[in-house]
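Just so you know, ligand 1 is whichever comes first in the structure, and atom 1 is the first atom listed for that ligand.
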Amino acid sequence: MTAPVAPAPHLVALDEDVHAYVQPDGGWCVNNAGILGGPDGAALIDTAATEARARRLHETVHTLVPGPVHTLVNTHSHGDHTFGNALFADEATVIAHERAAAEIAEHGLALQGLWPDVVWGRIEVTPPQVTFRERLVPETRGPRYELLHLGPGHTAGDAVVWLPERRVLFAGDLVFSGVTPFVLMGSVAGALEVLDRLRALEPLHVVPGHGPVGGPELLDANAGYLRRVQELARAGLAEGATPLEVARASGPGPYAGLLDGERLLPNLVRAYAELSGAGRAAPLDVPAAFGEMVRYAGGLPHCAA
Ligand SMILES: [Zn+2]
């Protein structure tokens, strides 16, 4: 059986000089990006997983905005958001949270090991040159934006891109849309707090890291999912059940409509660790949790990169 071909990426105009670059269907490895135009070129938010997808994004940005991509923001370290960095490194200053930059250097091409059959193309790991800790406001002649790190959530080093005048939020993988949230490398409790702080910004448009663009309702949907994970973990721990037993017994429940439902298993692993005293984004055995997820799912999930 051949895998279905994903629909082509498309641009969503959110405001003057503000676009989301949406790659359907938003499942594993298929992320979104953002493009902020301006008189001296573009700021790009995230790249893509494979050389082919990054080249397509490169062509789209340069067709949409004259001039160079002067700034590239990585919302976090994961390869689907950062593997295309090298294509922009000649023209762009690459910026990320300090923890994300360290993870990019440390993890290298590890993601490719999970899906060795994907045609990744030539990927050169390119860590950011500029990092920040809590907040950074890059100089720009385009739409004003700020980078905020609001605590560990999806990973230890998440950054959101917030446009205060336009009320547009590029949330990275702190927000998924129509796709199951994933906090194995971050924190369930932390992600819930970050979602509260994102809600307080009162965004009009929310660009998720994966899936269709929406509004603030996406923040509530992600929070509802994560609260269920916490409740299941609490009950499972009290009963002495393993995350795999809990995931099998409970299933996706009201979230059955989301893609990549197998993430319930790794999310439970993180929730268990946290309820047992592990710090937020404390290192866990990620390959072991991934292996348990494959067991739960009955096979390796599809990566449409
Ligand atoms: Zn991610």
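- For the residue pair Asp46/Asn31, the side-chain donor-acceptor check at 3.5 Å is not satisfied.
- Ion pair Arg295/Glu292 flagged as a salt bridge, since at least one NZ, NE, NH1 or NH2 atom sits closer than 4.0 Å to an Asp/Glu carboxylate oxygen.
- Atom OD2 is the N/O/S atom of Asp173 found closest to the Zn ion (ligand 1).
- Closest N/O/S atom of His154 to the Zn ion (ligand 1): NE2.
- In summary, no N, O or S atom of His81 is located under 2.8 Å from the Zn ion (ligand 1).
- Counting just the N/O/S atoms of His78, the one with the shortest distance to the Zn ion (ligand 1) is named ND1.
- Val73 is connected to Leu163 through a chain of hydrophobic side-chain contacts under 4.5 Å among Ile, Leu, Val, Met, Phe, Trp and Tyr, so both are in one cluster.
- Using a 4.5 Å cut-off on side-chain heavy atoms (C-beta onward), Phe170 and Leu147 make no contact.
- The Zn ion (ligand 1) has no N, O or S atom of Asp80 inside 2.8 Å of it.
- With no hydrogens or angles considered, no side-chain donor-acceptor pair links Asp15 and His205 at under 3.5 Å.
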